[in-house]
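To keep things clear, I will list the structure first and then write my remarks on it.
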Amino acid sequence: MSFFPDEVIIEVLARLPIKPLFKTRTVCKLWHGLPSDKYFVKLYNQVSDKNPMVLVEVHDSTKPNSSLICVDNSTGVSEFSLDFLRDKVNIRASCNGLLCCSSIAVKGVYYVCNPMTREFKVLPKIKDQNLTRFYPDSEATLVGLACDPSRGKFDVVLAGYQCAGSSRRPDKTFACLIFDSDSNKWRKFVSSQEEIFTHMNRNQVVYVNSALHWLTGSGSYILVLDLNFEVWRKVSVPDETRYGTGNRVYLLESDRCLSLIEISDTWMKIWVMKDYERELWHMVDRVSLGCIKGLVHGIFPIAQTGECVFLATHKQVLVYHRTSWAWKEMYSVQNNATLPLWFSAHAFRTSIFPCILSHTASALTKTKVKSGRKKLS
């Protein structure tokens, strides 16, 4: 090991998956402290930015609980669990390695967790139940997670139409609740919106430029929540996708930029917003779908980089390599699946971004606590 400078070793370790990285902590003091070192955490997260994955929740009719599959273009398929939460949950949002999950058994209970490090935080319950009387079934229409590694914090957003008075009918009041990890508190503001969202619209929330973005059900614009100023606004979509083409359009991220993927019977067009302030879109790729003609009507883009696009069908996860023009099947589910894979697929990337560590099941946290006690003593 003495033949290699520490800088080179750190660059190598920053490219390891989370589990092997944590196993190397027993080698020496330098390696042991890396997962809690600010410089290394930043480096590791920067490297993982270039390797997005797809996280799929697989529902098997023969098993009581669903399983989680992580599809990685470089290392293949791995399986992991959220059993450390000790609750049955739905994944509602994903951002920079963190997941926001809602409890199935108890309405209004939300978790933010890092499934790779198995750290998690239970968000404080909202005391005023009138604030969470969303339509329908008290479930928020939009759930967003904004994880900002540069600032070391995250926000959770619950937004939706509230029920009018004591009735179960929605009114035009669009309530927004924002949890701030710094203050550990919720805050609320109310606006007026008249828009619907499909299941995929709700799943594909994109966090860029300190704002959360959702494509509306009509596909005519993107609804944006600016977290700095706590205001809603609208962002235009490319004119070519807006005016009655009949094609399907999906909102994704591409190298920290907004991106739209438009799918027709024969083509997949990829748009990227190169200038966010001026809302300028550029079509960066046009892909023939002839090779997967039989799958076109049931295929959904989930994640992408400048090099590849991940897409999910009813029972498959595919990757399209943009430089070689090649399609590859990355994962195929067995016949017992009860829900299509695209229904619960999310863009994902690994990180060692910590949650607020009031609850954890990880060895990393225990180490931090012990070292903190030593410093205090």
Side-chain angles (χ1 to χ4, degrees), residues 89-103 106-114 119-135 137-163 170-195 197 201-216 221-235 251 253 258 276 346-347 351 353-359:
V89 298
N90 284 326
I91 299 173
R92 299 301 305 273
S94 169
C95 182
N96 289 329
L98 298 187
L99 300 177
C100 178
C101 306
S102 62
S103 172
V106 184
K107 296 285 186 183
V109 173
Y110 288 87
Y111 304 88
V112 171
C113 68
N114 186 327
E119 298 171 358
F120 72 96
K121 175 175 177 60
V122 184
L123 302 190
K125 201 159 185 181
I126 301 167
K127 295 180 180 179
D128 187 349
Q129 296 302 308
N130 290 326
L131 298 181
T132 58
R133 294 184 71 250
F134 292 113
Y135 174 87
D137 303 325
S138 298
E139 288 286 344
T141 304
L142 304 178
V143 177
L145 175 61
C147 169
D148 190 341
S150 65
R151 298 171 61 192
K153 63 165 293 184
F154 64 84
D155 297 297
V156 175
V157 171
L158 309 179
Y161 297 98
Q162 289 198 305
C163 296
D171 58 20
K172 293 183 180 181
T173 302
F174 199 72
C176 182
L177 300 167
I178 303 176
F179 173 80
D180 185 326
S181 64
D182 281 347
S183 64
N184 199 40
K185 293 180 180 179
W186 293 91
R187 57 187 186 273
K188 176 189 176 183
F189 71 95
V190 175
S191 62
S192 179
Q193 303 288 341
E194 293 187 24
E195 189 54 78
F197 300 87
N201 292 154
R202 296 195 298 268
N203 266 10
Q204 294 183 321
V205 51
V206 176
Y207 176 63
V208 296
N209 293 316
S210 301
L212 290 167
H213 304 74
W214 289 268
L215 183 66
T216 57
Y221 64 88
I222 297 167
L223 187 64
V224 182
L225 175 60
D226 189 317
L227 292 169
N228 288 334
F229 299 99
E230 295 186 9
V231 293
W232 293 99
R233 56 187 176 85
K234 298 177 181 179
V235 165
L251 182 67
E253 176 196 335
L258 281 181
Y276 188 82
H346 299 267
S351 79
F353 185 91
C355 307
I356 297 179
L357 306 179
S358 56
H359 298 79

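Only this structure's heavy atoms are used, side chains among them; waters, hydrogens and symmetry mates stay out. Here the structure is a predicted model, which is why all the values come from computation and not from measurement. In this chain, residues are counted from 1 in sequence order.
Between Phe174 and Trp232, the ring-plane angle classifies as perpendicular under the 30° and 60° cut-offs.
Checked for salt-bridge contact, Lys185 and Asp180 miss the test: no charged N lies under 4.0 Å from a carboxylate O.
At a cut-off of 3.5 Å, with distance as the only test, a side-chain donor of Asn184 or Lys121 sits close to an acceptor on the other residue.
Side-chain atoms of Asn96 do not come within 3.5 Å of backbone N or O of Asp148 as any donor-acceptor pair. Asp226 places a side-chain N or O within 3.5 Å of a backbone atom of Asn228 that can act as its donor or acceptor partner.
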Is there a side-chain contact (heavy atoms from CB on, under 4.5 Å) between Lys125 and Val106 once you walk through the steps? CA-CA 11 Å; Lys125 201 159 185 181; Val106 184; 3.8 Å; yes
Practice prompt. Begin from the C-alpha positions of Glu253 and Leu258 and carry the test side-chain contact (heavy atoms from CB on, under 4.5 Å) through to its verdict.
Written response: CA-CA 5 Å; Glu253 176 196 335; Leu258 281 181; over 6 Å; no
Show, in sequence, the C-alpha distance, side-chain angles and deciding distance for Trp214 and Leu251, and conclude whether the side-chain contact (heavy atoms from CB on, under 4.5 Å) test is met.
CA-CA 7 Å; Trp214 289 268; Leu251 182 67; 5.6 Å; no
### Message
Run Lys234 and Val224 through side-chain contact (heavy atoms from CB on, under 4.5 Å) and show every step you take.
### Response
CA-CA 6 Å; Lys234 298 177 181 179; Val224 182; over 6 Å; no
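For the pair Val89 and Ser102, the minimum side-chain heavy-atom distance is 4.5 Å or more. The closest side-chain heavy-atom distance from Val143 to Arg202 is not below 4.5 Å. In this structure, Val190 and Cys176 have side chains that are not in contact, with every pair of non-hydrogen atoms separated by 4.5 Å or more. Annotation: side chain of Asn114 is not in contact with side chain of Phe120 (no heavy-atom distance under 4.5 Å).
Atom CZ of Phe189 is separated from atom CD1 of Ile178 by 5.0 Å, given to the nearest 0.5 angstrom. For the atom pair CG (Asp155) and CG (Leu227), the distance works out to 5.5 Å, reported to the nearest 0.5 Å. To the nearest 0.5 Å, atoms CD1 (Ile222) and NE2 (His213) are separated by 7.0 Å. In this structure, the separation between CG on Asn90 and OH on Tyr110 is 10.0 Å, given to the nearest 0.5 Å. Between atom CG of residue Asn201 and atom CG of residue Leu223 there is a gap of 10.5 Å, rounded to the nearest 0.5 Å. In this structure, the separation between OG on Ser181 and CZ on Arg151 is 9.0 Å, given to the nearest 0.5 Å.
When all heavy atoms are compared, the tightest approach of Lys188 to Leu177 is CB-CD2, 3.5 Å. The shortest non-hydrogen separation linking Ala211 to Tyr276 is CB-OH, 4.1 Å.
When Ser94, Ser351, Cys95 are each tested for a side-chain contact (heavy atoms from CB on, under 4.5 Å) with Cys147, only one passes: Cys95.
Tyr221 is linked by a ring-ring contact (aromatic ring centres under 6.0 Å, His included) to nothing, counting only residues two or more places apart in sequence or in another chain. Scored by the side chain to side chain donor-acceptor pair (under 3.5 Å) test, Ser183 finds no partners at all (sequence neighbours excluded). Every residue meeting the side-chain contact (heavy atoms from CB on, under 4.5 Å) condition with Val156, not counting sequence neighbours, appears here in chain and number order: Cys100, Val112, Leu123, Leu145, Phe154, Leu158, Phe179, Trp186.
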